[in-house]
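Report on the following structure.
Reminder, nothing fancy here: chain letters follow the sequence lines and each chain counts from 1. Scope of the values below: all heavy atoms of this structure, side chains included, with no hydrogens, waters or symmetry mates.
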Amino acid sequence: MSTASSATIQVQLPDGTIAKHPANTTSMDIARGISDGLARSVMAAEVCGRIVDANRPLGELAEDDSPIPLRLLTPRDSEALDVLRHSAAHVMARAVMRLYKGVSLAFGPTTSGGFYYDFDIPEKISEDDFPKIEAEIKKIIKEKEPFERFILDRDEARKLCDDLDQDLKVEHIDTGLGDQATVSFYRQGEFVDLCRGPHIPDAGKIKAIKLMSIAGAYWKGDASGRQLQRLYGTAFFDKKELAAYLELLEEARRRDHRVLGKQHGLFAINPEVGQGLCLWLPKGARVRATLEDFLRKELLSRGYDPVYSPHIGRVELYETSGHFPYYRESQFSPLFGSEAGGMIDAWMQRLETGTLDADSEEKLMEAAKVLGAEIPDYKQSATNEAKLEVLHRWQKVHERYLVKPMNCPHHCHMFKAQPRSYRQLPLRLFEFGTVYRHEQTGELNGMLRVRGLTQDDAHIFCTADQVEAEFKATIDLTKFVLESVGLKDYRVQLSLRDPKSDKYVGSEENWNHAENALRGVMQNSGLQFNEEAGEAAFYGPKADFMVSDCIGRSWQLGTVQLDYNLPERFKLEYTGNDNSTHRPVMIHRAPFGSMERFTGMLIEHFAGAFPMWLSPEQVRVLPLSDKSIDYAVAVAKQFDEAGFKVTIDNNDGKVQAKIRNAQLDLVNYMAVVGPKEAESGQVALRDRIDGNLGSMPIAEAIAKLKKETDDRTVRQAVESKVSATAVDSGSTGHEY
RNA sequence: GCCAGCGUAGCUCAGUUGGCAGAGCAGCUGAUUUGUAAUCAGCCGGUCGUGGGUUCGAAUCCCUCCGCUGGCUCCA
């Protein structure tokens, strides 16, 4: 701790120089000693590796008697932006408290794009109120009041929050901060907030701030708890950076796959068909088919076997796998073979939750009889457990089906379809398997979150010794797939279990084994990866691919998951070379994730302008006038026979208009044909990016386009107007 | 599912304090026969998301439901 015995301390700057200072010297004092300009731009400091307020005495931050490493943080340092935004959240909260009565403060952290503060306010805030809140914020910034830190012990802190009528803070001190002896507060004028900090020296440093949106949020993330109002904002060191950030949001809006998908006839989602159910229109279906053909060919060459499974399966299948009880809420209700099935299902749920009264029970028994379900063993006097057992026995002999939410149970039974020898392993079964999940209405989002989706699913059944090699092979496959569509910027998230949670199934030993295997492969893969506790599936750890698109947004796409659980549940076995039975290990993997989500992401990444090999319309032949239509048809036929997706624009009108339409439709190449071309057997090729390429023989044009297609060349037709990383948050470590 | 906002023609959007529902694009028809990002003219097109209420009168005000959007929660 503090070196109170010595009145002086030694401070080491990043350039290595060490100087002596009094123990109460602050980072700001040292900045002032270097230059006034530096002092003005210091936002915070990194002392002994911790980000702290610039006005903290360095002596109290020292860990031992060795020189204290100090780095002054200015707007050039990415860490400073987080500090600024956190202070901006305080300023916003202060403005809100001035304008509204009865404000209870919750939390106000920073996010990758800015910050938010959660409030409990009786009055509803709407976006119409933003101007007056922003005006109040500007007033506060103009005052340039400092942020002042002070420490209280728990009882004092509790009393202060109580006096300030901050009941959420009181609760947090009691529950969330139970193990802290003292807590820190920050005061800025009349605004006092329980806060870990750090903060910028004064509010005047905030040069650009904007309220972004208002939304609901739960207190401490608990959906059964209090609903708070969350006010989102963003802040920057200067107005240009704010403008660039707003431009990024605008760019994202222009690329919205829901808008582009409708505009270009790629897909449709119609409430009359059903929420979250995607209609793949011809052009979207072409893109998908190209992706599927590409992957199928790749999988066949990598030792996978194609399989097919039905769209429904008995509920017992998913009871065995564990999915049915675990995900009951987010599955479509079972389909019942017997008319009484649904009623008995509801009956059992009432019994389970203890919400069935005698009167209702009699009615249910009567109704069961009417619907032809005789249950003579059911006695009203019996215990709930006994009743449930009787009903469950009835269910077991009456078919119940689930629209399949997962492919893996089916594939497990394919493994079991014959006795297996170690010689057959690894067995790699793949299928573009369509599954249905009843996602909550608020979660649905275009193609990105749907209720019916097709996974590029496969399950690898292998021996424990093969796990590493197979896992590595799937990582390589996923890399290959992503890079083939031009996605070169990705990292892997190792999703591990949360040691404190009990939602996981399987033995401690299996989990340790699986997590260590994944970590080992990742460490040897040379791929950038990070570990995230609590993100694992309930049956095993996963490696999720986080992919950055061309405007710097991160998407979770492909996934590889290790599973020691399902083989156990389905009692999968093979005979080893020792002539005894062994349990295989399962690897779930999907390089695209789902066709819906992957295609939706691609639409946004390419702004609807697919590269040649994925394009739903690669060539459009534009006859100069009706006189050239015959030749246009002949040209189109040649492109068609060469395997291109080609159309003819035989509308009336000038070629300029046809070109404009083709450009707007994002067709990769236009083949303009008039009398000159017809005479010489040529086409005048126009590239949608580079423009007119001049006339050339048809064979030459076909060869050129074929090369671009076969090479899977990716040329971004719609350049991003913003730099991909220029405005991302400080927390991800980008330079400024 | 929860909180907030929104819902007018196929699309993008106007529509004053409640007083006869509009434009551009797309589509159709006709003229035009065109050389690298828009040829001209005419026509068609809406129970203003649904159901109810207030009112002499509702796209406009109120309520219900449906859907969409942004978040939250969830995501096998």
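Annotation: A:Tyr539 is not in aromatic contact with A:Trp511 [ring centroid separation under 6.0 Å not met].
A 3.5 Å limit on both hydrogen-bonding distances identifies B:C11 as the Watson-Crick or G-U partner of B:G24. Nucleotide B:C40 forms a Watson-Crick or G-U wobble pair with B:G30, both donor-acceptor distances falling under 3.5 Å. Of all nucleotides present, only B:C68 satisfies the Watson-Crick or G-U wobble test against B:G5, with each distance under 3.5 Å. In this entry B:G45 has no Watson-Crick or G-U wobble partner, no candidate having both defining distances under 3.5 Å.
Ranked by how close their nearest RNA chain B nucleotide is to the 5' end, A:Asn445 and A:Tyr539 are led by A:Asn445. The residue among A:Gly446 and A:Leu664 whose nearest nucleotide of RNA chain B is located toward the 5' end is A:Leu664.
Taking atom C1' in both B:G1 and B:G57, the straight-line distance is 40 Å, to the nearest Å. Distance check on atom C1': B:U50 versus B:A59 gives 14 Å, rounded to whole Å. B:A37 sits 22 Å from B:A41 when the P atoms are compared, rounded to a whole Å. Remark: the separation of the C1' atoms in B:U36 and B:A21 is 41 Å, to the nearest Å. To the nearest whole angstrom, the two C1' atoms, one in B:U54 and one in B:U60, are 13 Å apart. B:A4 and B:C20: their P atoms are spaced 34 Å apart (whole Å). Nucleotides B:A14 and B:C48, compared at atom C1', are 13 Å apart to the nearest Å. For the P atom pair drawn from B:C40 and B:G19, the interatomic distance equals 36 Å after rounding to whole Å.
The base of B:C74 is paired with the side chain of A:Arg449 by a donor and an acceptor separated by under 3.5 Å. Between the side chain of A:Tyr218 and the base of B:G1, a donor-acceptor pair under 3.5 Å is found.
Within 4.0 Å (heavy atoms only), A:Ser224 reaches no atom of the nucleic acid at all. When heavy atoms are screened at a 4.0 angstrom cut-off, A:Lys542 is found touching the sugar-phosphate backbone but no base atom. Residue A:Arg686 is in base contact, counting any heavy-atom pair closer than 4.0 Å across all strands shown. Residue-level contact check: A:Lys658 touches neither bases nor backbone, having no heavy atom under 4.0 Å from any strand. Contacts of A:Glu677 with the nucleic acid, taken as non-hydrogen atoms under 4.0 Å apart, include base atoms. A:Gln227 comes within 4.0 angstrom of a base, heavy atoms only. Backbone-only engagement by A:Ala223 is indicated by non-hydrogen atom pairs under 4.0 Å involving sugar-phosphate atoms exclusively. In this structure, A:Gly653 reaches the bases: a heavy-atom distance under 4.0 Å links it to at least one base atom across the strands shown. No contact: A:Tyr326 has no heavy atom under 4.0 Å from any strand. Heavy atoms of A:Pro409 sit nowhere under 4.0 angstrom from any nucleic acid atom. Looking at heavy-atom distances under 4.0 Å, A:Ala662 makes no contact with the nucleic acid at all. At the heavy-atom level, A:Ser126 lies nowhere under 4.0 Å from the strands shown.
Although no hydrogens or angles enter the test, the distance criterion places a donor-acceptor pair under 3.5 Å between the side chain of A:Thr234 and the main chain of A:Gly113. Side-chain atoms of A:Glu515 come within 3.5 Å of backbone N or O of A:Arg497 as a donor-acceptor pair. Side-chain N or O atoms of A:Gln663 include one that pairs as donor or acceptor with a backbone N or O of A:Arg688 at under 3.5 Å.
Distance, A:Tyr327 OH to B:C75 C1': 7 Å, rounded to whole Å.
Within the structure, a side-chain polar atom (N or O) of A:Gln275 is placed less than 4.0 Å from OP1 or OP2 of B:C68.
The side chain to side chain donor-acceptor pair (under 3.5 Å) test with A:His588 singles out one residue from A:Gln561, A:His459, A:Lys542, and that residue is A:His459.
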